Amino acid sequence: MPASAFDLPRSFAALLSSLLPGLGQGFNRRPRAMAVFLVPTLVVLAVAWVAIQGQAPTMLIARMIAPPVIGLLLALNLVVLLWRLVAAGHAFWDRRYPRRAGPLGTVSLAAIVAITVLPHAVAWSLGTTAQATFDEIFSGATGRPTPSGPVALERERLNVLLMGIDSGPGRTEALTDTMIVVSLDPVGKTVSMLSIPRDLASVPLANGDVFGPKINSLMSYADRHPDQFPDGGVAALEGAIGRLLGIPIHAYATVDLGGFVSMVDAVGGVDIRVRKALSDPNYGGFGVGPGWSIEPGLHHLDGANALAYSRIRKSAGESDFTRAARQQEVLIALRDRVAGPDLLFRLPGLLRAVGSTIRTDLPRDRLPQLAALAEEIDSSSTVRVVLTSPQIKSGGASKYGSTFLPVPSRIAQLTKVIFGPPGADPRWPPVASGQGLGASASAVP
C-alpha cells in the first residue's frame with residue numbers, strides 16, 4: 001500500500017497521544033508502550049487533581065505563582081511538553097506504518113506539534129511574566145531602600161501601610177495623598193482599614209521628634225534629607241504612622257494613580273453603589289474631564305472613573321474625610337473583582353498592571369495565606385474607619401495651609417478596638433459582644 005494510505009490512522013494515533021500520552025499507542029495496539037506512556041501521565045494528573053481539590057481560585061493562583069513553586073511549575077511545563085511530543089512522535093512512527101509519511105501525514109504532524117506546543121507556550125509566557133512581576137513588586141519602592149520593619153507572626157495581626165502616590169503633572173514632589181493602614185486578623189478573619197488624613201500635621205516620628213508639616217509630605221521630605229532620615233522616606237512614614245497609632249507597621253505597598261487606573265481596567269472595572277450625587281466641574285485627569293459627576297445608584301466604573309470617584313472632593317458637602325471613605329469602598333470593590341472566579345482569564349493583564357504599579361516589602365511567603373484570607377473576608381468582615389473628629393482636631397491656618405492635629409488619647413481609644421488582639425471584635429464604635437460583625441462593620445464615623 002502507498003504510504004499516503006496510512007496518513008489518516010497514523011495522524012489520528014499521534015493526535016490521541018498528544019492529548020493524553022499512551023492513547024495513540026493503544027490505538028496502534030501496543031499495550032506495553034501504552035502502559036509506559038499512560039501510567040506516568042495518569043500519576044501526574046492524579047497528583048495535580050489532589051493538589052487543587054478544595055482550593056479557591058485566588059488561593060490556587062497565589063500558590064502557583066509564589067516562588068519557588070512557579071520555578072518548579074515552569075520546569076514541569078517543559079517536561080510535560082516533551083513527554084507529549086515524544087508520545088505523539090512514537091505513535092506516528094509506529095513500526096506498523098511506513099517510515100516515510102505521505103503529504104497529508106506530514107502536514108497533520110506539523111499541525112499536531114503546533115497544537116501541542118501552543119498551550120505550553122502560553123503557560124510559559126504567563127509563568128515568566130508572573131516571575132518578572134514578583135521581582136518588580138517585591139523589589140521595594142523605586143529609588144528607596146526597602147525598610148526592615150518588625151515581622152508579624154503567623155497568627156498575629158499583619159499591619160500594612162497602603163500609600164497612593166500622586167506625582168502627576170503640576171506636582172513639584174511626590175505626595176502620599178492616600179494613606180490607609182490595612183490590618184489583617186488571621187484569627188478572627190477580619191480586616192480593619194483606617195484612613196489617615198493627608199492634612200494631618202505635627203505627627204510624632206519614630207524617634208520621638210515631631211514632624212511639623214502635613215504628613216503627606218513626610219516621605220518626600222525624608223527622601224530629600226537622608227542626613228536626617230538615613231532609612232529613606234518610606235521607613236520614615238511607616239515609623240511616624242506606627243508611632244501615631246501605637247501599632248507596628250509590618251509592611252508597606254505603594255500605588256501610583258496611573259497604575260491604579262490600569263489595575264481596575266485589568267479586572268474589567270469595579271461595581272460601586274453611589275449613595276449621593278457628586279459633581280465637580282473642575283475635575284480632570286487620566287482621560288476624564290474637564291468636569292466629572294455621578295448620580296446615586298449602582299455603577300460599573302472603569303479605571304479612570306473609579307479614580308475620579310476616589311479623588312473628587314470639591315463636590316457639595318464633600319471633604320478629604322468623605323473622599324477617604326470612598327477610597328476604601330473602591331479598594332474593597334477591587335478586592336472583590338480580583339478574588340472573583342474569572343481571575344485566571346484576567347491574570348495576564350492584571351499581572352502587567354500590578355507589576356508596573358505596586359511596590360511592596362510584604363514577605364513573599366505570606367502570599368498564599370493572604371490570598372486565603374482574601375477569599376474568606378468580604379465587606380461584612382471589614383471595618384472601615386476614617387481618622388476624623390474627635391480623634392483629630394482643627395489646627396487652623398498655618399504656614400503649611402489648613403491642617404489638623406492629632407488627639408493622642410482619642411486615637412489610642414480607637415486603635416485599641418480596631419487593631420485589637422487577634423480574634424477580638426474590631427468594630428468601631430464598640431458594640432455589645434456576641435453580635436458578630438454584620439453589616440455595621442462597614443460603618444465610617
Side-chain angles (χ1 to χ4, degrees), residues 140-145 147 149 159-182 194-249 252-257 285 310-314 318-325 327 359 385-412 414-415:
T142 303
R144 304 182 181 96
N159 303 320
V160 182
L161 174 60
L162 300 184
M163 295 173 281
I165 310 297
D166 186 357
S167 55
R171 291 288 197 186
T172 58
E173 58 182 347
L175 299 178
T176 50
D177 277 356
T178 297
M179 291 162 286
I180 303 175
V181 176
V182 179
L194 177 63
S195 291
I196 311 296
R198 63 177 186 167
D199 292 336
L200 191 65
S202 297
V203 174
L205 297 173
N207 62 6
D209 294 337
V210 173
F211 185 71
K214 296 179 180 181
I215 193 172
N216 70 331
S217 65
L218 172 57
M219 187 177 75
S220 182
Y221 177 88
D223 282 333
R224 297 196 313 270
H225 297 83
D227 54 325
Q228 300 177 44
F229 299 93
D231 292 330
V234 172
L237 188 57
E238 282 186 310
I241 290 181
R243 185 68 176 260
L244 174 73
L245 303 180
I247 61 172
I249 301 297
Y252 71 87
T254 62
V255 182
D256 68 81
L257 298 186
S310 300
R311 296 189 74 199
I312 189 173
R313 64 188 179 93
K314 294 184 178 179
E318 295 301 299
S319 66
D320 277 341
F321 303 113
T322 57
R323 179 172 76 160
Q327 290 170 351
R359 298 293 178 267
V385 180
V386 177
L387 198 62
T388 183
S389 178
Q391 287 79 39
I392 62 176
K393 62 183 180 180
S394 173
S398 70
K399 63 181 179 179
Y400 308 116
S402 179
T403 61
F404 296 94
L405 301 175
V407 181
S409 60
R410 295 284 191 174
I411 292 175
L414 169 69
T415 58

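Since we're looking at a predicted model, the values are computed, not measured.
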Exercise. Picking from Leu161, Leu162, Val160, Leu387, what satisfies side-chain contact (heavy atoms from CB on, under 4.5 Å) with Val181?
Worked result: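 When side-chain contact (heavy atoms from CB on, under 4.5 Å) is applied between Val181 and each of Leu161, Leu162, Val160, Leu387, only Leu161 qualifies.
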To check you understand the geometry: which heavy-atom pair defines the closest contact between [X] and [Y], and what is its length?
| X | Y | value |
| --- | --- | --- |
| Pro406 | Leu244 | CB-CD1, 3.7 Å |
| Ala222 | Ala236 | CB-CB, 3.8 Å |
| Pro226 | Asp223 | CD-O, 3.8 Å |
| Leu218 | Ala240 | CD2-CB, 3.6 Å |
| Ala206 | Gly239 | CB-CA, 3.9 Å |

Problem set entry | Those residues that, when tested against Phe211, pass ring pair (Phe, Tyr, Trp, His ring centres under 6.0 Å) (two or more places apart) |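 Partners of Phe211 by the ring pair (Phe, Tyr, Trp, His ring centres under 6.0 Å) criterion, ordered by chain and then number, come out as Tyr221.
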Exercise. Below 4.5 Å, heavy atoms only, C-beta onward: do Arg243 and Leu205 meet side chain to side chain?
Worked result: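 No, every pair of side-chain atoms sits at 4.5 Å or beyond.
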Exercise. Do Arg359 and Val234 have side-chain heavy atoms sitting under 4.5 Å apart?
Worked result: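 In short, these two side chains do not touch, never coming nearer than 4.5 Å.
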Hey, could you give me the [atom1]/[atom2] distance between [X] and [Y], rounded to the nearest 0.5 Å?
| X | Y | atom1 | atom2 | value |
| --- | --- | --- | --- | --- |
| Gln391 | Leu245 | CD | CG | 10.5 Å |
| Ser202 | Ile215 | OG | CD1 | 11.0 Å |
| Leu237 | Ile241 | CG | CD1 | 4.0 Å |
| Met219 | Glu238 | CE | CD | 11.0 Å |
| Ile165 | Asp256 | CD1 | CG | 8.5 Å |

If the condition is side-chain contact (heavy atoms from CB on, under 4.5 Å), which residues does [X] pass it with, not counting sequence neighbours?
| X | result |
| --- | --- |
| Ser319 | Phe321, Thr322 |
| Val255 | Phe260, Thr357, Ile358 |
| Lys393 | Leu405, Val407 |

For this session: Output all residues satisfying salt bridge (Lys or Arg N to Asp or Glu O under 4.0 Å) with Arg410, sequence neighbours left out; order by chain, then residue number.
Result: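 By the salt bridge (Lys or Arg N to Asp or Glu O under 4.0 Å) rule, Arg410 matches no residue at all.
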For this session: Please collect all salt bridge (charged side-chain N to carboxylate O under 4.0 Å, His left out) contacts where either partner lies in residues 206-222, sequence neighbours excluded, each pair once.
Result: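 Non-adjacent pairs meeting salt bridge (charged side-chain N to carboxylate O under 4.0 Å, His left out): Asp199-Lys214.
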Exercise. Just by distance, do the side chain of Asp320 and the backbone of Pro197 share a donor-acceptor pair under 3.5 Å?
Worked result: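 No, the answer is negative, given that no donor and acceptor are paired below the 3.5 Å cut-off.
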For this session: Look only at the side chain of Arg323 and the backbone of Ile312, and say whether a donor-acceptor pair between them is shorter than 3.5 Å.
Result: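 Absent.
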For this session: Mind checking side chain to side chain donor-acceptor pair (under 3.5 Å) for Thr178 and listing every partner two or more places apart, or none if nothing turns up?
Result: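 For Thr178 the side chain to side chain donor-acceptor pair (under 3.5 Å) partners, ignoring immediate neighbours, are Gln327.
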For this session: Show your working on side-chain contact (heavy atoms from CB on, under 4.5 Å) between Ile196 and Asn216 and close with a plain yes or no.
Result: CA-CA 9 Å; Ile196 311 296; Asn216 70 331; over 6 Å; no
